[in-house]
2 protein chains.
Amino acid sequence: MQGREASDGTVGRTLAVLDLVAGFGRPVRFAEILPVAGLPKATLYRFLQVLTHQDMLAFDEDRQTYAPGMRLVRLAHSAWAQSSLAPLAREVLDELAETLGQTVHLAQLDNGAVLYVDKRNARQPVEMFSQSGKVGPAYCTGVGKAMLAHLPEDRLAAAIDRQSFHAHTPNTLTSPAALRAELALIRQRGYALDDEEHETGIACIAAPILSGSGRILGAISVTTTTAATSRDQLLALAGPVTRAAARIAATAEAWRFPEIKS
Amino acid sequence: MQGREASDGTVGRTLAVLDLVAGFGRPVRFAEILPVAGLPKATLYRFLQVLTHQDMLAFDEDRQTYAPGMRLVRLAHSAWAQSSLAPLAREVLDELAETLGQTVHLAQLDNGAVLYVDKRNARQPVEMFSQSGKVGPAYCTGVGKAMLAHLPEDRLAAAIDRQSFHAHTPNTLTSPAALRAELALIRQRGYALDDEEHETGIACIAAPILSGSGRILGAISVTTTTAATSRDQLLALAGPVTRAAARIAATAEAWRFPEIKS
DNA sequence: CTTGCAGGTTCCAAATAATGAAACCAAGTT
DNA sequence: AACTTGGTTTCATTATTTGGAACCTGCAAG
């Protein structure tokens, strides 16, 4: 199992450093990056220089720290609008959140992790990057498992390799075997449950968004608290959620293949 | 005047291609990129391969097109949360939009262009389409001019070089000289006006967000329609807007320099 | 069918850019 | 004054990038 970085040349290694800096989640100093980067001092230094000059990183003169730069925000705007399911799923999400009155998530797979691309909070209005772009684990979330369940074997193996299997709660699945068993079940019944596997008191139900050819495109979920919603009530949402997912899939299909191939 | 691309090596050139693809605003084919990239076929091909493999671009097998990839969304989340003013300005923006009942923008400079990092819509059922990350021209918008006005001369010259000076409306400033004169005025009175310079019927008033040392951090603006708001009414907003900007500046200062330097 | 061609992909020797050990510098610390 | 920590620069060696050209596709017109 090796990620993206090693295969491509200088560009890959440089972008790996970008990921690293972004991963800290706060501005970092050179010396903090050095040990985890696994690169010679001079090389790391040069990479940071380039990234900074390219505005992919911002260097704070006063504090001597690096943080992800604004160019990324501009680029992400394009990415979100063009490559994510968000624009297509927008209406369905609005409607689902409205009728159920619950928090709804739209997610896609990113390199074995869950990438949330859109969200509807029960009430509050939404802000773009505060929620889109967030990442989470795949093995212990509803959307994550829903997507993993429909991955072809080779990609699934790669994804499983990348899971930490950290036991967030007593219910968390902590082994590849347990996860695979669960995925089979999910595949069979058509939806996934997160039964307080990520956070105690939080449960959710998720459905995969599949292309016509069966490729997994993303997933949506409805989140509830165990305090307010019984398990039966949660299971009752299976219908609405899977139907919403199917509608998004249909929209995606229509958009991407406007004409029929004979 | 040369951009970022030329100076740095392979990484810079590759990222320039990324910008190019993102710039199309829609999925593009190899052949569409080739002529505008100014690179040999083989080189461009390799760059696209690398970017795709790195998930910075997504390649659509069926349509044979490239589009910005999801990795950017993940990275942008970090960038937005750490490097933009948005998290700091949030409360002030909420309050300003609330009390004035008008559309409010928060912007930063990105390579000579205006990058909107946050927005509050007047009332509407939230035009939720990712406002953050949008870019606009600097020479004919309130926020743009407010920021240009406080740029040091060398960076200003570079920024002016990058303006198109396209006459969007009869009021648009169309020459560096006219712009520089306006900037002097803005610097002096402390706020900027966009008097239908970008779009007919739309006017706005903007104030710069300056660090303690006078460095420009960003700008905020309140947008109005000439139909609903008279010029006098617009000018009356100067106070609230500049005060809001000052509050954001203070927050930024407090955040970045928690301790006092003697 | 065969010729031409536009859109992509692969090769490979030459040119160039990346590499990283080591030296160096600047501010503290002891 | 000697040492340490954190950051920056140098430079000969090495590996990577480069891009012209050849080469594959279809596919469409002759």
Side-chain angles (χ1 to χ4, degrees), chain A residues 2-21 24 26-54 56-69 256-257 259-262, chain B residues 2-21 24 26-54 56-69 256-257 259-262:
Chain A
Q2 63 177 16
R4 299 175 282 231
E5 61 288 346
S7 7
D8 313 288
T10 311
V11 178
R13 291 146 149 268
T14 306
L15 292 176
V17 170
L18 180 59
D19 261 12
L20 210 54
V21 174
F24 273 87
R26 63 180 168 81
V28 274
R29 301 178 63 97
F30 181 95
E32 300 183 82
I33 311 171
L34 185 53
V36 289
L39 292 170
K41 236 205 288 194
T43 304
L44 176 62
Y45 180 69
R46 222 167 339 100
F47 284 176
L48 291 172
Q49 294 271 87
V50 171
L51 287 169
T52 302
H53 183 58
Q54 290 289 323
M56 300 295 279
L57 287 180
F59 182 66
D60 183 326
E61 293 281 347
D62 304 306
R63 311 194 122 197
Q64 305 265 111
T65 55
Y66 297 89
R256 293 166 64 94
F257 310 106
E259 63 280 290
I260 299 149
K261 38 179 67 171
S262 59
Chain B
Q2 62 176 15
R4 297 177 282 232
E5 60 289 344
S7 6
D8 313 289
T10 311
V11 178
R13 292 146 156 268
T14 306
L15 291 177
V17 170
L18 180 58
D19 261 12
L20 211 54
V21 174
F24 275 88
R26 63 181 168 79
V28 275
R29 299 180 64 96
F30 180 94
E32 300 183 82
I33 310 170
L34 186 52
V36 291
L39 292 170
K41 234 204 289 195
T43 304
L44 176 62
Y45 180 69
R46 221 165 343 95
F47 284 176
L48 290 172
Q49 294 271 90
V50 171
L51 287 169
T52 302
H53 182 58
Q54 290 289 324
M56 300 294 278
L57 288 180
F59 181 66
D60 183 327
E61 292 281 349
D62 305 307
R63 314 192 121 198
Q64 303 265 112
T65 57
Y66 296 89
R256 291 166 65 96
F257 309 107
E259 62 281 288
I260 300 150
K261 39 180 64 171
S262 58

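What you see below is based on every heavy atom in this structure, not just the backbone, and it leaves out hydrogens, waters and symmetry mates. Just so it is clear: chains get the letters A, B, ... in the order the sequence lines come, proteins before strands, and each one is counted from 1.
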For this session: Just call it for A:A31: base, sugar-phosphate, or nothing, with non-hydrogen atoms closer than 4.0 Å on any strand.
Result: sugar-phosphate
Exercise. In terms of the nearest nucleotide of DNA chain D, which residue is placed more toward the 5' end: A:E32 or A:V11?
Worked result: A:E32
Exercise. For the residue pair B:P27 and B:T65, what are the closest heavy atoms and their distance?
Worked result: CB-OG1, 3.5 Å
For this session: With a 4.0 angstrom cut-off to heavy atoms of chain B, pull out the first and last contacting nucleotide of DNA chain D, in 5'-to-3' order.
Result: D:dT17 to D:dG20
Exercise. At under 4.0 Å between heavy atoms, what does B:T10 touch on the DNA or RNA strands: base, sugar-phosphate, or nothing?
Worked result: sugar-phosphate
For this session: Using heavy atoms and a sub-4.0 Å distance, could you list which residues of residues 33-41 of chain A are near DNA chain C? By number, please.
Result: A:P40
For this session: Enter the distance from B:L48:CG to B:Y66:OH here, rounded to the nearest 0.5 Å.
Result: 4.5 Å
Problem set entry | Point-to-point distance, once rounded to the nearest 0.5 Å, from OG1 of B:T14 to CG of B:L44 | 10.0 Å
Exercise. Residues in side-chain hydrogen bond (donor to acceptor under 3.5 Å, both in side chains) with B:R26, at least two apart?
Worked result: B:E32
For this session: Please list, in 5' to 3' order, the outermost nucleotides of DNA chain C lying under 4.0 Å from any heavy atom of chain A.
Result: C:dA18 to C:dA21
Exercise. So do the side chains of B:F47 and B:L18 get within less than 4.5 Å of each other, counting heavy atoms only?
Worked result: no
For this session: Output the residues of residues 45-52 of chain B in contact with DNA chain D, where contact means a heavy atom of the residue under 4.0 Å from an atom of the strand; sort by number or write none.
Result: B:R46, B:F47
For this session: Drop me the distance from A:R29's CZ to A:L34's CG, to the nearest 0.5 angstrom.
Result: 13.0 Å
Seminar exercise, completed: dist A:L51:CG -> B:L15:CG (nearest 0.5 Å) comes out at 7.5 Å
Exercise. Pairs in or reaching into residues 39-51 of chain B: which pass side-chain hydrogen bond (donor to acceptor under 3.5 Å, both in side chains), with residues at least two apart or in two chains?
Worked result: none
